[in-house]
Amino acid sequence: MKKHVFFTLVLSGSLIGSIQAGDMPALKVEAKGIIMGFGKELKDTLMAAKKSGGATAAVKACNDKAPGIASSASKNGWEVARTSLKLRNEKNAPDEWELKVLKQFETRKAKGENPKDIAYAEIIKDNGKKTFRMMKAIPTGELCITCHGAKVKPEIVNTLNKYYPNDKAKGFKIGDIRGAFTLKKAL
């Protein structure tokens, strides 16, 4: 029997009493839908750009359109973004909580967990407010390798250097954790 794990939930003892039983399942469902929509729109955008203008067009589309895709997914109180331990865009740098979770993801992968199943959520205090935080690993796939792999064509490297002069998101292999979707919602 194949077991699918969406994410692990941790609640501190001080918050358990203040969360209604129905809150977490609803947040999980909503977060999963947002991630699926955001990921699909981003992938579709990159694939369309690559199909029409090659990998360099996909790099440009990622630079031009990914922030807008994240912005349009950030509605109804949700903040949606991507982050990574190896950044391409410095604007996506992880905060302290995200950095801790990204490192946990790498540990879980090293122990044999499939990156496509790795996610984590918890309710924390953020600036004195109860906040639902969630991250879902982004596994490196075939499309990713074109611009994030160990052997990237020179014309793609030139385009990457133009848009991302401090790019660290290189050298990935299929199955690596490329980064994570990160969501946040004040409760």
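In this structure, a donor-acceptor pair under 3.5 Å is absent between the side chains of Arg82 and Thr182. Checked by atom type, the side-chain pair Lys60/Thr159 shows no donor-acceptor distance below 3.5 Å.
The hydrophobic clustering, which links ILVMFWY residues whose side-chain heavy atoms are closer than 4.5 Å, places Ile138 and Leu143 together. There is a path of hydrophobic side-chain contacts, each under 4.5 Å, that joins Leu187 to Val80.
Side chains of Pro94 and Leu87 form a contact here, defined as non-hydrogen atoms less than 4.5 Å apart. Residues Gln104 and Tyr120 have side chains in contact (heavy-atom distance under 4.5 Å, counting atoms from C-beta outward). For the pair Phe105 and Met135, the minimum side-chain heavy-atom distance is below 4.5 Å. Using a 4.5 Å cut-off on side-chain heavy atoms (C-beta onward), Thr131 and Ile123 make no contact.
When the shell of 6.0 Å around NZ of Lys86 is examined, it contains more than 12 heavy atoms from other residues, nucleotides or ligands.
When all heavy atoms of Ala180 and Leu102 are compared, the pair lying nearest together is CB-CD2, 3.8 Å. The shortest non-hydrogen separation linking Pro115 to Lys136 is O-NZ, 3.8 Å. Here the closest heavy-atom approach between residue Ala49 and residue Ala57 is recorded as O-CB, 3.5 Å. Between Pro139 and Ala137 the shortest heavy-atom distance is CD-O, 3.5 Å. Among all heavy-atom pairs drawn from Lys91 and Asn89, the shortest one is N-OD1, 2.9 Å. Scanning all heavy atoms of the two residues, the minimum distance from Glu30 to Asn76 falls at OE2-CB, 4.5 Å.
Phe132 CZ to Asp23 CG: the interatomic distance, rounded to the nearest 0.5 Å, is 10.5 Å. Taking CD1 from Ile118 and CD from Glu106, the interatomic distance works out to 8.0 Å, rounded to the nearest 0.5 Å. Here Leu183 contributes atom CG and Met134 contributes atom CE; the two are 6.0 Å apart, rounded to the nearest 0.5 Å. Atoms CZ and CD1, from Arg108 and Ile177 in turn, are 8.5 Å apart once rounded to the nearest 0.5 Å. Taking NE2 of His148 as the reference point, atom OG of Ser84 lies at 8.5 Å (rounded to 0.5 Å). Interatomic distance, CZ of Arg178 versus CG of Leu85, reported as 10.0 Å (0.5 Å rounding).
At distances below 3.5 Å, at least one donor-acceptor pair connects side-chain atoms of Ser52 with backbone N or O atoms of Ala48. No donor-acceptor pair closer than 3.5 Å links the side chain of Asp126 to the backbone N or O of Lys129. Judged by distance alone, with hydrogens and angles left aside, the side-chain atoms of Thr146 form no donor-acceptor pair with the main-chain N or O of Cys144 at under 3.5 Å.
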Set out, in order, the CA-CA distance, both residues' side-chain angles and the distance that settles side-chain contact (heavy atoms from CB on, under 4.5 Å) for Ile174 and Glu142, then state yes or no. CA-CA 7 Å; Ile174 292 175; Glu142 193 70 42; 3.2 Å; yes
Between Lys170 and Cys147, does the side-chain contact (heavy atoms from CB on, under 4.5 Å) criterion hold? Intermediate values first, please. CA-CA 8 Å; Lys170 306 171 186 176; Cys147 299; over 6 Å; no
Test side-chain contact (heavy atoms from CB on, under 4.5 Å) on Val29 and Lys32; report intermediate values, then the result. CA-CA 5 Å; Val29 169; Lys32 184 178 180 181; 5.9 Å; no
Which side-chain N or O atoms in residues 33-47 pair as donor and acceptor under 3.5 Å with protein atoms at least two apart or in another chain?
unit_1 : atom_1 : unit_2 : atom_2 : d
Lys40  : NZ     : Asp44  : OD2    : 2.6
Thr45  : OG1    : Glu41  : O      : 2.8

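With Glu122 as the partner, the salt bridge (charged side-chain N to carboxylate O under 4.0 Å, His left out) test is satisfied by one option alone out of Lys100, Lys184, Lys130, Arg133: Lys100.
Other members of the hydrophobic cluster containing Tyr164, listed by chain and number, are Val59, Val152, Ile156, Val157, Leu160, Tyr163; membership follows side-chain contacts under 4.5 Å among ILVMFWY residues, whether direct or relayed.
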